[in-house]
Amino acid sequence: MAVHDVTPQAVGPAGAAAKRGRPKPFSFHDYVVSILIALVLTVFYGGYYLIQRTYFFNAPPGIDPFYVPDKVIAVVGMILLAFTFLIGPIYRYFNAFDYLIQYRKEIGIVGGFFALFHPLVAYFFLPLTFPQSEIPLTSVTYGAGLAGSLVVIFLIFISFQNAVILLGANRWWFLHRFGLRLVILVAVIHFFCIEWNTWVQWLTQSAVKPSAELLYPWMPEPTTFAGLFVVWVVIVRLYETVFLYRDLGLKPKPIAPDANLRLRGRRFFIYSFWVLIACNVFVFGRWMYYFSIR
Ligand code: HEM
């Protein structure tokens with residue numbers, strides 16, 4: 001039995017369309033809230049990079065002024081897209097966060113714009129750190145990023161209300177559901193191909209020597225925390241698909257209240273969340289260790 005829409009949660013009128021899986025009318029308020037969430041993340045990650053590297057725009061010689069800003073845009077976009085993907089399970093398992101469903105579309109669109117802005121900056125404004133010859137768009141790493149950006153454009157395009165008339169409700173629903181999954185899949189491939197070696201090296205071999213580009217290498221790359229979050233989101237969704245839905249969700253399902261499935265989903269969510277916290281604490285502990293022996 002499916003676990004979709006398992007309880008009659010109370011959401012405001014603005015969230016009702018989102019809850020039914022239909023296009024939601026434009027809401028200025030919901031865009032403002034989503035942009036504020038993005039700004040908080042931007043300030044947090046920007047501040048972290050500033051402390052770790054001691055520069056934001058005023059990069060040392062040989063590094064582009066937009067190098068760090070682009071990193072911030074990329075990682076915030078990735079987090080917002082992953083968070084959009086997490087809102088469904090949160091809504092299904094917990095009544096206390098039902099209001100989040102109201103912002104899912106807007107958070108996704110704002111995250112999508114970040115995920116589109118980042119490649120533009122990376123491709124056209126980083127000639128020193130990433131000359132275009134070092135961004136082969138046909139490689140797995142950058143091809144995946146490019147595919148993600150193209151699907152994001154498509155999803156933003158069909159998120160307007162008229163699209164449902166053109167496409168029909170079922171096809172519209174299907175494209176949104178699988179479009180977001182595809183974006184997450186290819187964005188994760190892109191993100192992990194680029195960052196994996198940095199993370200493993202930092203975790204296993206201690207930090208590299210300080211340089212003008214990276215003054216405090218004992219601090220973990222901010223992408224480490226974002227990477228852990230993204231992996232957790234993917235695991236929560238996979239658990240739901242494999243163990244609760246037990247199908248790929250190719251068709252919209254009728255409302256099927258099943259308290260047992262909901263409980264299992266909630267339990268897995270909470271336990272895996274504690275594992276996520278433990279992983280972050282481990283990274284933090286390693287950081288303190290490198291700091292003490294620097
Ligand atoms: C859905 C679309 C995309 C997402 C979500 C995304 C996300 C990311 C993330 C999270 C990073 C790691 C940032 C960091 O090092 O701090 C990254 C790095 C990078 N991405 Fe993308 N990306 C996307 C599309 C693209 C495309 C199409 C290109 C090619 C033009 C691209 C080029 C790069 C480059 C060159 C880096 C390395 C940046 C650096 O280390 O400073 N990305 N991307």
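Atoms within a ligand are numbered from 1 in the order they appear, just like the ligands themselves.
At a heavy-atom cutoff of 4.0 Å, ligand 1 is contacted by the side chain of Ile135 but not by its backbone. Residue contacts with ligand 1 for Glu195 involve side-chain atoms from C-beta outward but no N, CA, C or O (heavy atoms, distance under 4.0 Å).
Counting heavy atoms of neighbouring residues, nucleotides and ligands inside a 6.0 Å radius, atom CZ of Phe26 exceeds 12 of them. More than 12 heavy atoms of other residues, nucleotides or ligands shown are found within 6.0 angstrom of OH on Tyr48. Counting non-hydrogen atoms of other residues, nucleotides and ligands closer than 6.0 Å to OH of Tyr55 gives a total above 12. Remark: Phe117 CZ is loosely packed, at most 12 non-hydrogen atoms of other residues, nucleotides or ligands lying under 6.0 Å away.
Closest to atom 34 (C) of ligand 1 among all protein heavy atoms lies Tyr142 CE2, 3.7 Å. In this structure, atom 16 (O) of ligand 1 lies nearest to the protein heavy atom Tyr49 OH, 2.9 Å. In terms of protein heavy-atom proximity, atom 10 (C) of ligand 1 is nearest to Phe191 CD1, 3.4 Å. Nearest protein heavy-atom neighbour of atom 3 (C) of ligand 1: Ala115 O, 4.1 Å. From the protein, the heavy atom lying nearest to atom 26 (C) of ligand 1 is Pro119 CB, 3.4 Å. Looking only at heavy atoms of the protein, atom 36 (C) of ligand 1 is closest to Ile194 CD1, 3.6 Å.
The nearest N/O/S atom of His118 to atom 21 (Fe) of ligand 1 is NE2.
The closest approach between a heavy atom of Gly77 and any atom of ligand 1 is not below 4.0 Å. Residue-ligand proximity: Val183 is placed with every non-hydrogen atom at 4.0 Å or more from ligand 1.
In terms of heavy-atom proximity, Val283 sits nearest to Trp202 at O-CH2, 3.5 Å. In plain terms, the two heavy atoms of Phe56 and Pro69 that are nearest each other are O-CD, 3.6 Å.
Of the listed residues (Gly112, Gly145, Pro136, Ala187), the one carrying the non-hydrogen atom nearest atom 5 (C) of ligand 1 is Ala187. Of the listed options Ala74, Gly148, Ala122, Ala74 places a heavy atom closest to atom 13 (C) of ligand 1. The nearest non-hydrogen atom to atom 30 (C) of ligand 1, considering only Phe130, Phe192, Phe117, Tyr123, comes from Tyr123. Of the listed residues (Gln132, His190, Lys71), the one carrying the non-hydrogen atom nearest atom 6 (C) of ligand 1 is His190.
Close approach to Ser149 involves these atoms of ligand 1, each under 4.0 Å from a residue heavy atom: 1 (C), 2 (C), 24 (C), 27 (C). Close approach of ligand 1 to Leu146 is summarised as follows: ligand atoms under 4.0 Å from at least one heavy atom of the residue are 27 (C). In summary, the atoms of ligand 1 found under 4.0 Å from a heavy atom of Tyr67, numbered by their order in the structure, are 41 (O). For ligand 1, the atoms sitting less than 4.0 Å from at least one non-hydrogen atom of Thr223 are 14 (C), 16 (O), numbered in the order shown with element in parentheses.
Screening Asp30, Val33, Ile35, Thr84 against Ile107 for a side chain to side chain contact (heavy atoms under 4.5 Å, CB included) leaves a single residue, Thr84.
Taking the six-membered ring for Trp and thresholds of 30 and 60 degrees, Phe125 and Phe66 have ring planes more than 60 degrees apart, a perpendicular arrangement.
Using modelled atom types, one finds a donor on one side chain and an acceptor on the other under 3.5 Å when comparing Glu195 with Thr223. Between the side chains of Glu240 and Tyr93, at least one donor N or O lies within less than 3.5 Å of an accepting N or O.
A cation-pi geometry, defined here as NZ or CZ lying under 6.0 Å from the six-membered ring centre and within 45° of its normal, does not hold between Arg53 and Tyr49. A cation-pi contact, defined as under 6.0 Å to the ring centre and within 45° of the axis, links Arg237 to Phe85.
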